[in-house]
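This report concerns only the one structure given below.
In what follows, every heavy atom counts, from backbone to side chain, and hydrogens, waters and symmetry copies are set aside. All chains are named by letter (A, B, ...) in the order of the sequence lines, taking the proteins before the strands, and each is independently numbered beginning at 1.
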2 protein chains.
Amino acid sequence: MVAEQIDAPDPETLVSEAKAAFRDGALLSVQARCEVEYDGRTSGYLGPGDRLLVAKPDGTFLVHQPTGHKPVNWMPGGGTVSARVSDGEAVLLARRTNPTERVEARILDAHGLTRFDATDGATYEESGTEAEMHEYIESNPDVLEEGLRIVEHERESKYGFIDFFARDESGTPVVVEVKRIQATLNHFDQLQRYVSLYEERESSPQEGGVAAGNDEVRGMLVAPSASERVKRALRDNGLEFVGLSEFETDAKGATEAKLTDF
Amino acid sequence: MVAEQIDAPDPETLVSEAKAAFRDGALLSVQARCEVEYDGRTSGYLGPGDRLLVAKPDGTFLVHQPTGHKPVNWMPGGGTVSARVSDGEAVLLARRTNPTERVEARILDAHGLTRFDATDGATYEESGTEAEMHEYIESNPDVLEEGLRIVEHERESKYGFIDFFARDESGTPVVVEVKRIQATLNHFDQLQRYVSLYEERESSPQEGGVAAGNDEVRGMLVAPSASERVKRALRDNGLEFVGLSEFETDAKGATEAKLTDF
DNA sequence: CTGTCCATTTCGACG
DNA sequence: CGTCGAAGTGGACAG
């Protein structure tokens, strides 16, 4: 029996089933009218209503209202979930430390309970990430600018990693920051910080022969799009925006090439 | 009957129950071995394993593995969830547009199903947010510095919003950036950006009478704490850090005063 | 609608 | 264990 369901459990049954599920590492779902309290980084209270409660064997606890994508209250994995009867009502309590916080659901009326002895060895495989965008640019630097040469990928600097350190056709250094989504002011900040750092470094060369003029360092923000305000911030500070909306990994490109062969 | 449970439904039963739940605006939970595909902003695939599937009446669709706080796949509300039998297996499909994306769960083995006719009129009440920290500062500017006057809250500038624009005891402008959590380098970046802007503006006054010397603009980062690196960055750039860990809204303070009256 | 910024952000990688 | 940056970020709020 992988899943066991109990209809409208009374508080004692609910608590004993919950304890058994926690002990055995099963996933517990409860449909119930309840009220919820959170205390930790902030604090909050949710009055009585019907919700789906989920407790996972890793200590994750979720409170889902009938609408909305995010749980109204939750506890990440790593802590512990416990169950007890208090004042004749079942209470589920999720706690953790660092930071110290707790979610407590007082169950006023339990409509259903499911214990699920789930096993899942699969991991999610994703594609289309920023990492793949980097691969594409590394293989096709010309899409950013004719004649651009990538010198280093993920170059470490005092203030963080620079996505690409490159040189343009005339040898001028170019600091490149890549975003998979529309560029924000924070991304502009990042690029600005990196470029100013390189201006310092380039103006006082410590490794011989790599010197360049102080203002000769270019900064390039690559993203599918950017708001006018971001573009102006870049322009005002001598930085550049390059729109790059479409990209393909070599594998993906090869696949699509095949499809268009016909 | 608020919740209805079905044990190990066959594909046809699962699909007809799901359709009925979607039609009636009920919350549907399914414990099942399944494989999941996502296509949209990125794309991904999750091989067979046991998961909890949740479909809400607002179009929300969640796929939860036995561990982890976040759903491995999901669809926010606003779209539609549909069910069908395909190749003898039940399939749940969640779709939306803008952006166009889809999550498809192919159910290989359904262990349990619960339909929950949930009603929930309550809304979550939260306290301890950054908005409340702003209110506290606005009412008690002295906690930042003796004699500080708040001139404007959420002041819009060319490059973004400034939390507080203030003047110190001697009338020097102070740009204040507030963070509820430990300050990061990005927060320093933000403050730096705002201050540099005000230095420009103040040095070439367009609205008469507000002029001040170019270096007379102060920048203040307010947060419960900051790493040494952030503090040094601030110091090196002539900016200031103010630690503000405890704050209370008027209401909260009143409540706590009550409790300690006894 | 877009733009901007907060979030109990979470999550992962790296030093 | 802190720090930093990405996320299918989501969500609220203003223009």
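- D:dA12 atom C1' lies 13 Å from atom CD of B:E130, rounded to whole Å.
- B:N186 and B:T184 form no side-chain donor-acceptor contact under 3.5 Å, judged by distance and modelled atom types alone.
- When the P atom of D:dG5 is taken as reference, atom CG of A:N186 falls 10 Å away, rounded to whole Å.
- Between A:L185 atom CG and C:dG3 atom P there is a gap of 11 Å when expressed in whole angstrom units.
- Residue A:R41 has no polar side-chain atom (N or O) positioned under 4.0 Å from OP1 or OP2 of C:dC6.
- Here C:dC6 presents its P atom at 16 Å from CD of B:E132, a figure rounded to the nearest Å.
- Considering only side-chain N and O atoms, A:R229 lies under 4.0 angstrom from the phosphate OP1 or OP2 of C:dT4.
- If you check every strand for non-hydrogen atoms under 4.0 Å, A:Q190 touches sugar and phosphate atoms only.
- Look at A:R218 and A:E240 and you find a salt bridge, because one of the NZ, NE, NH1 or NH2 atoms lies within 4.0 Å of a carboxylate O, short of that distance.
- Picking from C:dT10, C:dC5, D:dG15 the nucleotide with the shortest atom distance to the side chain of B:Y194 gives C:dC5.
- Comparing D:dG10, C:dC6, D:dC4 against the side chain of B:K179 picks out C:dC6 as the nearest.
- The pair B:R96-B:E101 meets the salt-bridge criterion, with a side-chain N (NZ, NE, NH1 or NH2) lying under 4.0 Å from an Asp/Glu carboxylate O.
- When heavy atoms are screened at a 4.0 angstrom cut-off, B:G40 is found touching no nucleic acid atom at all.
- Put simply, CZ on A:F188 is 17 Å from C1' on C:dC5, counting in whole angstrom units.
- Looking at the side chain of B:T42, the nearest of the listed nucleotides D:dG8, D:dG5, C:dT8 is D:dG8.
- Between the side-chain ring of A:Y38 and the base of C:dT8, a stacking contact exists by the 5.5 Å and 30° definition.
- Side-chain atoms of A:T129 lie closest to D:dA7 of the nucleotides D:dA7, C:dT8, C:dC5.
- Using a 4.0 Å heavy-atom criterion, one finds that A:T184 contacts no nucleic acid atom at all.
- Note: CG (A:L46) to C1' (C:dT8) measures 15 Å, nearest angstrom.
- Comparing D:dG8, C:dT10, D:dG11 against the side chain of B:K70 picks out C:dT10 as the nearest.
- Using a 4.0 Å cut-off between a side-chain N of Lys or Arg and a carboxylate O of Asp or Glu, A:R33 and B:D120 do not qualify as a salt bridge.
- Counting any heavy atom pair closer than 4.0 Å across all strands shown, A:V72 reaches a base atom.
- Following rounding to the nearest Å, A:L191 (CG) and D:dG5 (P) show an atom-to-atom distance of 13 Å.
- The side chain of B:M75 lies closest to D:dG8 when the candidates are D:dG8, C:dC6, C:dT4.
- Between C:dA7 and C:dC11, the distance separating the two C1' atoms is 14 Å to the nearest Å.
- The aromatic ring of A:W74 stacks onto the base of C:dT8, its centre lying under 5.5 Å from the centre of the six-membered base ring with the two planes under 30° apart.
- Residue B:Q182 places at least one side-chain N or O closer than 4.0 Å to OP1 or OP2 of D:dT3.
- Taking 3.5 Å as the limit, the base of D:dG8 and the side chain of B:N73 contain a donor-acceptor pair of atoms between them.
- Take the nearest nucleotide of DNA chain C for B:H69 and for B:E177: the residue whose nucleotide is more 5' is B:E177.
- Aromatic ring centroids of B:F164 and B:H134 lie under 6.0 Å apart.
- When rounded to the nearest whole Å, the span between CD of B:E156 and P of D:dA14 equals 12 Å.
- Closest contact between the side chain of B:P76 and the listed nucleotides D:dG8, C:dT4, C:dC5 involves D:dG8.
- Annotation: of the two residues near DNA chain C, B:D163 and B:I181, the 5′-most nearest-nucleotide partner is B:D163.
- The listed nucleotides are C:dT4, C:dT8, D:dA7; the one nearest the side chain of B:E126 is C:dT8.
- DNA chain D is contacted by both B:V103 and B:F161; B:V103 maps to the nucleotide lying nearer its 5′ end (nearest heavy atom per residue).
- Between the side chains of B:Y194 and B:E177, no donor-acceptor pair is found at a separation under 3.5 Å.
- Comparing the same atom, P, in C:dC5 and in D:dG8 gives a spacing of 22 Å after rounding to whole Å.
- At a cut-off of 3.5 Å, with distance as the only test, a side-chain donor of B:Y45 or B:E35 sits close to an acceptor on the other residue.
- With C1' as the reference atom, C:dC6 and D:dA7 are 15 Å apart, rounded to whole Å.
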